[in-house]
Visitor: 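Got a structure for you, questions after.
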Amino acid sequence: MVAAFSLLCGLLYSRGIQDIEIVDFIPRRYLRFKGAETDEDRDRIQMHATEKFIKVVLRVVSSLNGIDILSYPGDIDSYLHIRLNENILQNNIESPNTTNQYLNIGLKSVEISKIL
């Protein structure tokens, strides 16, 4: 999940998208949780899934420059607000940090698509 989110950040930034809003609750998914027989079970699973996703985002933010968390779900609305700033370009592909390498693959996706 860390690799996928890092790659996504690079893809979005390379296409000029800097402000990201990620919803914390997906009603369609909520009704289909496996093993959830009651609303309390569904609420617990939903809370666990949201917390797990936020932990992934925090891991990526702590590994990379240029990703800022503006607000968490429940602060001002039900979205996780993230901003990708120009410091994201300072991450180095030669770094041993694999999160940097996935981000840079995403950042270079525009160049790669022009070649193809």
Visitor: Any idea which heavy atoms bring Tyr13 and Glu86 closest together, and the distance?
Guide: OH-CA, 3.3 Å
Visitor: Report the distance from atom CG of Asp43 to atom CD of Glu40, rounding to the nearest 0.5 Å.
Guide: 7.0 Å
Visitor: To the nearest 0.5 Å, what is the distance between CD1 on Ile69 and CD1 on Ile54?
Guide: 8.0 Å
Visitor: Atom OG in Ser78, atom CD1 in Ile22: separation rounded to 0.5 Å?
Guide: 12.0 Å
Visitor: Which atom names give the shortest non-hydrogen contact between Ser14 and Gly106, and what distance separates them?
Guide: OG-O, 3.5 Å
Visitor: What are the two closest non-hydrogen atoms of Cys9 and Ile67, and how far apart are they?
Guide: SG-CD1, 3.9 Å
Visitor: Is it the case that the side chain of Gln18 and the backbone of Asn85 share a donor-acceptor pair, with hydrogens and angles ignored and the cut-off at 3.5 Å?
Guide: no
Visitor: Are any side-chain N or O atoms of Asp75 and backbone N or O atoms of Ser71, one a donor and one an acceptor, separated by less than 3.5 Å?
Guide: no
Visitor: Under the 3.5 angstrom rule, does the side chain of Thr38 hit a backbone N or O of Asp41 as a donor-acceptor pair?
Guide: yes
Visitor: Walk me through it: do His81 and Ile76 pass the test side-chain contact (heavy atoms from CB on, under 4.5 Å)?
Guide: CA-CA 10 Å; His81 293 265; Ile76 56 173; 4.1 Å; yes
Visitor: Kindly compute the distance separating CD (Glu21) from CG (Asp77), expressed to the nearest 0.5 Å.
Guide: 6.5 Å
Visitor: Is Val56 reachable from Leu70 through a run of hydrophobic residues whose side-chain heavy atoms are each under 4.5 Å from the next?
Guide: no
Visitor: Roughly how far apart are Lys52 NZ and Met1 CE, rounded to 0.5 Å?
Guide: 6.0 Å
Visitor: Would you mind reporting whether Ile82 and Asp68 have side-chain heavy atoms less than 4.5 Å apart?
Guide: no
Visitor: Over all heavy atoms of both residues, which pair between Thr99 and Ser6 is shortest? Give the atoms and the distance, please.
Guide: CG2-OG, 3.0 Å
Visitor: Could you walk me through whether Tyr102 and Leu64 satisfy the side-chain contact (heavy atoms from CB on, under 4.5 Å) test, starting with their C-alpha distance in whole Å, then the side-chain angles of each, then the deciding distance to 0.1 Å, before giving a yes or no?
Guide: CA-CA 11 Å; Tyr102 284 112; Leu64 299 174; over 6 Å; no
Visitor: Does one hydrophobic cluster hold both Met47 and Phe53, with members joined at side-chain heavy-atom distances below 4.5 Å?
Guide: no
Visitor: For a quick test of reading the model, state the closest non-hydrogen atom pair linking Ile17 to Leu84 and the distance between them.
Guide: O-CD1, 3.7 Å
Visitor: Step by step, work out the side-chain contact (heavy atoms from CB on, under 4.5 Å) result for Leu7 and Ile105.
Guide: CA-CA 7 Å; Leu7 186 63; Ile105 290 170; 3.7 Å; yes
Visitor: Is there side-chain contact between Ile88 and Asn65, with heavy atoms separated by less than 4.5 Å?
Guide: no
Visitor: May I ask you to decide whether Arg83 forms a salt bridge with Asp19, counting only side-chain N to carboxylate O separations under 4.0 Å?
Guide: yes
Visitor: Can you tell me how far CD of Gln46 sits from OG1 of Thr50, rounded to the nearest 0.5 angstrom?
Guide: 4.0 Å
Visitor: Is it the case that atom OH in Tyr79 sees more than 12 heavy atoms from other parts of the structure closer than 6.0 Å?
Guide: no
